Undergrad: 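Before I ask anything, here is the structure I am working with.
Heavy atoms only: backbone and side chains are in, while hydrogens, waters and symmetry mates are out. Note that this is a predicted model, so its numbers are computed, not measured. Chain naming here is simple, since letters A, B, ... match the order of the sequence lines and numbering starts at 1 in each.
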Protein chains: 4
Amino acid sequence: MSVMDQTWGEIRTDLAVEAHQFLAGQRGASLPGVETQSEDKGVAQITRVVIQTPEAGQALGKQPGYYVTIESQALRGRDKDELEEVAKVIAGELQGYFRGFNFDDEATALVVGLGNWNATPDALGPKVVEKILVTRHLLQSSPPEKRGGLRPVCAVSPGVLGITGIETQEIIAAIVQRIKPAFVLAIDALASRNVDRVGSTVQIANTGINPGSGVGNRRLGLTAQSLGVPVIAVGVPTVVEAKTIIRDALEQTSRFGGPPPQGLRKEVVDQVLSPYFRDLIVTPKEIDVLIQDLSRALAGAINLALHPGVTAEEVFRYLE
Amino acid sequence: MSVMDQTWGEIRTDLAVEAHQFLAGQRGASLPGVETQSEDKGVAQITRVVIQTPEAGQALGKQPGYYVTIESQALRGRDKDELEEVAKVIAGELQGYFRGFNFDDEATALVVGLGNWNATPDALGPKVVEKILVTRHLLQSSPPEKRGGLRPVCAVSPGVLGITGIETQEIIAAIVQRIKPAFVLAIDALASRNVDRVGSTVQIANTGINPGSGVGNRRLGLTAQSLGVPVIAVGVPTVVEAKTIIRDALEQTSRFGGPPPQGLRKEVVDQVLSPYFRDLIVTPKEIDVLIQDLSRALAGAINLALHPGVTAEEVFRYLE
Amino acid sequence: MSVMDQTWGEIRTDLAVEAHQFLAGQRGASLPGVETQSEDKGVAQITRVVIQTPEAGQALGKQPGYYVTIESQALRGRDKDELEEVAKVIAGELQGYFRGFNFDDEATALVVGLGNWNATPDALGPKVVEKILVTRHLLQSSPPEKRGGLRPVCAVSPGVLGITGIETQEIIAAIVQRIKPAFVLAIDALASRNVDRVGSTVQIANTGINPGSGVGNRRLGLTAQSLGVPVIAVGVPTVVEAKTIIRDALEQTSRFGGPPPQGLRKEVVDQVLSPYFRDLIVTPKEIDVLIQDLSRALAGAINLALHPGVTAEEVFRYLE
Amino acid sequence: MSVMDQTWGEIRTDLAVEAHQFLAGQRGASLPGVETQSEDKGVAQITRVVIQTPEAGQALGKQPGYYVTIESQALRGRDKDELEEVAKVIAGELQGYFRGFNFDDEATALVVGLGNWNATPDALGPKVVEKILVTRHLLQSSPPEKRGGLRPVCAVSPGVLGITGIETQEIIAAIVQRIKPAFVLAIDALASRNVDRVGSTVQIANTGINPGSGVGNRRLGLTAQSLGVPVIAVGVPTVVEAKTIIRDALEQTSRFGGPPPQGLRKEVVDQVLSPYFRDLIVTPKEIDVLIQDLSRALAGAINLALHPGVTAEEVFRYLE
């Protein structure tokens with residue numbers, strides 16, 4: 001989940017839009033095999049990135065596929081009207097994916113909350129799952145016409161390898177094989193390159209979860225190939241790697257006549273960061289509040305997208 | 001998970017030893033097809049109940065099988081020395097079950113924490129699972145002789161139907177089928193007949209979890225038949241049903257010349273209990289502390305039993 | 001916080017309306033020195049009890065004063081429209097108390113969440129305080145006409161003696177002396193006599209918190225006398241003492257020709273309840289959900305009552 | 001809580017030892033009015049800094065006083081033997097402070113957990129307070145000779161201004177005035193300059209808590225002057241400000257012939273950090289586990305120091 005830079009080596013970002021901006025910026029032109037398109041929805045800006053070729057995918061460190069990015073400052077704000085507007089935009093994009101896959105309103109969804117509930121910056125997925133309107137068990141005995149616009153939805157947070165001793169992928173693959181949902185919706189906390197995207201950007205992708213992505217650096221992927229059903233991934237950056245902001249700072253100095261940063265990086269990073277901690281992150285001090293607010297916004301959007309018969313007002317009123 | 005009484009109808013208890021005491025008390029003699037044996041270990045009293053026939057099982061509302069009950073006031077106390085002694089006794093009984101099934105020290109265990117983590121009296125299983133020493137992922141690449149006395153152990157808390165939309169049994173069966181453990185150890189909070197057993201009694205059974213048992217009234221069973229591998233159940237009563245203590249009170253009055261309670265029960269229970277709450281329970285006011293303390297004692301005992309190479313001192317020192 | 005019965009001795013209830021019903025029921029007439037009045041508000045029933053004389057107070061185990069009880073099944077339900085209606089009724093009654101004390105809209109309120117946050121049935125007060133709209137620090141530098149209808153409000157949860165080593169009363173008296181609020185609003189979880197009132201009844205009183213009341217059996221009172229400012233108490237029953245339902249069951253049997261329960265009580269209670277646990281309670285199995293829902297309803301009502309410039313819709317939308 | 005740099009302006013550190021290292025490094029000599037001394041305890045390194053003059057205090061951004069720093073990698077490790085050794089060293093230093101103030105074993109201590117329990121990196125103080133062995137209420141009626149080596153200890157976590165609407169200082173001053181402890185022990189999460197000190201350094205100071213210090217940037221101080229009794233502060237760095245690591249990175253580049261960073265700082269920081277978040281921090285991804293482990297180590301050390309009659313083994317065995 002990173003893009004390569006000749007000077008810097010790996011630059012960690014889980015966002016396709018950032019990887020493309022970075023490479024396109026370096027080249028001074030869009031990458032061949034990548035199509036991008038932007039749309040301003042007022043309360044949110046949407047960017048659609050289609051990675052069309054394996055070569056483009058490799059350059060961007062992403063699987064070929066369709067990535068939608070919804071960006072809005074309202075996601076970090078506390079204005080509920082604006083937040084509901086953004087949630088409607090996200091829900092609309094999710095429903096676009098459902099149409100793209102030809103899922104009908106009765107297709108069972110399995111919502112998967114990835115991440116470690118004991119590590120606040122990685123706990124977004126499990127926090128969203130807590131708020132999902134789960135209906136599969138209630139609808140099993142009612143015919144579609146009596147379901148009042150509710151889709152059969154089930155939801156699990158499988159935990160992480162260190163907690164269970166079992167790979168996330170193994171748990172989800174086992175459950176998918178057993179209950180045979182039409183698709184998986186996987187929620188994850190991401191790392192971005194840019195501090196400004198923390199908490200303000202939602203990425204949806206039809207490629208599933210790739211190994212190495214997420215705050216938790218998922219070891220194995222959750223994809224149509226590994227699970228046998230389509231996997232739609234929904235992610236929000238909650239952290240930036242500390243290495244990334246050091247890199248950005250050095251990059252800035254070179255604009256002011258500093259030494260070319262090649263070669264320097266390792267020394268500087270080694271001096272500034274501790275050898276003790278493998279994973280230093282940059283995050284807002286109020287990370288707990290951010291995760292809580294994001295999980296409500298995301299759960300609201302997902303509930304709205306999954307259940308055609310419920311309104312935004314209902315969804316947000318009954319969110320815990 | 002109840003025994004039938006001519007007068008009272010169903011009397012809820014998840015403990016085989018209580019069901020047998022009740023029926024034997026009524027009959028004035030032990031039940032045919034049931035063998036019991038007691039042992040005093042000083043810090044704990046052990047009762048072993050073998051239900052040998054389907055008839056006896058039906059009378060007791062329990063599957064035929066081997067039930068061990070360990071009873072100790074130290075489980076509710078705060079003396080760590082005594083608590084460690086009881087944990088060793090529980091661990092020894094668990095290892096007896098392992099020997100009975102011929103599991104060797106390399107046989108993979110899947111520990112399952114049953115119950116609803118959002119309902120304190122039902123949260124014992126998930127709380128125990130948090131404290132299990134999980135090793136399967138660490139041992140996968142090391143040969144048995146280099147494992148330092150650690151058994152491959154993995155652990156999950158599947159949640160309850162209302163949280164996930166998926167039956168607990170479906171989730172566990174799916175995971176078992178995938179990772180193929182040698183056996184399942186299922187931890188559950190139980191209901192007892194007798195307030196005095198709350199927090200002081202551990203029941204181990206080789207029959208797994210039966211439908212209707214547990215504080216959460218599990219809907220489907222977790223048994224060797226449904227999962228394909230042996231299921232050892234470990235349970236501790238954390239509640240008594242409110243109906244049970246009313247029944248006991250009325251029963252007592254009849255000793256003092258009260259009216260025969262037949263017929264009375266429904267009226268009295270209806271008067272005293274609310275029609276609103278389906279599930280009123282009797283529990284100590286400090287239920288949160290009780291669950292926390294029990295989960296430590298039980299996790300300590302289970303870690304000790306599962307990993308032949310660790311000592312009681314190590315186990316309790318590293319318990320979170 | 002109990003009423004005395006010739007047969008049964010102490011009968012625990014923290015509700016004035018229950019104590020009066022009990023005594024009036026025994027006498028077949030209302031108690032001298034007590035005035036009661038009922039009002040049906042559709043979604044809620046209101047009962048107002050005025051205890052006018054010390055003698056009546058002593059008989060009822062309550063301080064002389066004004067007690068309002070609001071009763072509504074909607075408090076335990078999940079219909080948000082009904083819940084908001086009940087919250088408005090509670091807010092209206094609270095504002096009646098404010099008018100009775102002649103507090104104006106700028107009078108600073110100190111909201112106190114009584115109870116032990118580590119004991120779910122006793123945690124209602126701290127859970128309400130988490131959701132109070134705290135404004136004192138924001139308004140200190142703005143003149144009343146620029147406060148947009150917000151009252152200066154501060155809020156603390158002092159914990160319990162076993163957690164802090166300090167009496168609740170000492171902590172609150174110290175803070176009151178320092179910050180000099182116009183009044184204290186104290187929130188507490190109560191014990192009722194009747195299971196049917198658990199979670200469905202709110203009692204407001206102008207007498208403060210009396211020693212021995214609450215799920216936590218507060219040791220010292222929080223009253224105008226001890227704090228130097230008026231104390232309005234808001235409580236909701238979350239438990240019934242286990243002894244109480246046994247008593248009620250025996251009482252019922254005597255209607256069917258049972259033995260007079262005098263003398264019996266101690267034996268029966270000793271047989272049925274455990275000598276180990278001092279404080280066995282009857283409570284719904286889903287006590288955690290009940291406390292969470294009640295804390296939202298109560299915090300909504302209190303925020304609405306305290307801040308004249310906010311609407312019910314705003315209050316409930318921004319409740320966490 | 002910062003030291004000034006001609007080039008960089010304010011450099012945030014709450015550690016006296018870091019501020020002195022920084023200035024001494026720039027000057028190439030120790031600062032006048034500051035005495036430092038080091039001691040190697042094997043498992044931990046101790047540095048004692050005495051700031052003797054107001055001028056030295058101003059240069060270092062610290063009050064004149066006595067600061068002890070205990071540094072040990074074992075604090076972030078999971079080896080319980082080593083951890084107990086470090087706790088004994090910390091306890092020994094704390095007892096040195098008690099002797100310095102001439103507190104006898106019966107002098108009542110008020111332990112104060114500063115910080116916001118809803119913000120993981122700032123929650124160290126409240127987490128320590130949860131684990132303090134509180135005894136004041138138990139000892140009030142027993143004469144000193146019957147107290148078994150236990151000191152009267154009480155403990156509170158006052159929360160933060162945004163939660164209560166009351167300044168921390170107001171709450172603590174009120175409680176101190178009421179219960180008259182002999183001294184206050186205030187626990188706080190700190191910011192350091194150096195990532196390597198996060199979780200590995202404990203600072204003890206006889207100067208109390210100064211305005212602007214701590215992860216939460218305490219607004220008002222907790223000092224002998226404001227409270228009327230001595231305040232011993234115990235802090236551990238849990239974060240580094242993001243600005244600090246950018247500054248350090250730029251500082252490193254200038255060693256390699258980069259441009260003098262004067263003037264550059266604002267531009268670079270503005271480019272790299274977001275204008276949205278006021279308080280970006282660098283912290284380990286597993287911040288929750290770090291805070292939990294640190295709170296146990298610190299609570300163990302404090303319990304050991306406060307109660308002369310308990311042993312390290314007992315203290316750690318009974319830590320929750």
Side-chain angles (χ1 to χ4, degrees), chain B residues 73 76 116-123 191 194-200 215-217 239-242 244-261 263-264 267-290 292, chain C residues 73 76 116-123 191 194-200 215-217 239-242 244-261 263-264 267-290 292:
Chain B
Q73 297 303 320
R76 313 192 270 218
N116 183 349
W117 48 75
N118 293 330
T120 305
D122 195 27
N194 191 324
V195 165
D196 213 40
R197 287 193 185 275
V198 167
S200 71
V215 170
N217 299 112
V239 307
V240 172
E241 290 197 341
T244 303
I245 71 166
I246 293 177
R247 179 224 166 263
D248 281 358
L250 299 198
E251 190 69 20
Q252 295 292 329
T253 60
S254 66
R255 300 196 187 168
F256 295 90
L264 255 185
E267 283 98 308
V268 172
V269 167
D270 285 358
Q271 289 293 330
V272 176
L273 298 184
S274 160
Y276 179 80
F277 294 109
R278 282 174 312 131
D279 292 308
L280 282 165
I281 55 170
V282 178
T283 200
K285 193 162 70 182
E286 293 81 11
I287 176 71
D288 304 68
V289 173
L290 183 77
Q292 185 61 25
Chain C
Q73 297 303 319
R76 312 192 272 218
N116 183 349
W117 47 73
N118 292 329
T120 305
D122 194 28
N194 192 325
V195 165
D196 212 40
R197 288 191 184 277
V198 168
S200 70
V215 170
N217 298 112
V239 307
V240 173
E241 292 197 340
T244 302
I245 72 166
I246 293 177
R247 179 225 166 260
D248 281 359
L250 299 198
E251 189 69 20
Q252 294 292 330
T253 60
S254 66
R255 299 196 187 168
F256 295 90
L264 255 185
E267 284 97 307
V268 172
V269 167
D270 285 358
Q271 289 295 328
V272 175
L273 298 184
S274 159
Y276 179 81
F277 294 109
R278 280 174 313 130
D279 292 309
L280 282 165
I281 55 171
V282 178
T283 200
K285 193 162 69 182
E286 293 80 12
I287 177 70
D288 305 67
V289 173
L290 183 78
Q292 185 61 25

Undergrad: Over all heavy atoms of both residues, which pair between C:Thr283 and B:Thr283 is shortest? Give the atoms and the distance, please.
TA: CG2-CG2, 4.1 Å

Undergrad: If you count heavy-atom pairs under 4.5 Å between each of B:Asn116, B:Asp122, B:Val215 and chain C, which one has the most?
TA: B:Val215

Undergrad: Which heavy atom of C:Ala119 sits nearest to which heavy atom of B:Lys285, and what is that distance?
TA: CB-O, 4.0 Å

Undergrad: Any idea which heavy atoms bring B:Pro284 and C:Leu280 closest together, and the distance?
TA: N-CD2, 3.8 Å

Undergrad: If I measure from the heavy atoms of chain C, does B:Ile281 come under 4.5 Å with its side chain, its backbone, both, or neither?
TA: both

Undergrad: How close do C:Val282 and B:Ala242 get, heavy atom to heavy atom, and via which atoms?
TA: CG1-CB, 4.2 Å

Undergrad: Below 4.5 Å from any heavy atom of chain C, which atoms of B:Val239 appear? Answer side chain, backbone, both or neither.
TA: neither

Undergrad: What distance separates C:Asp288 CG from B:Ile287 CD1, expressed to the nearest 0.5 Å?
TA: 9.5 Å

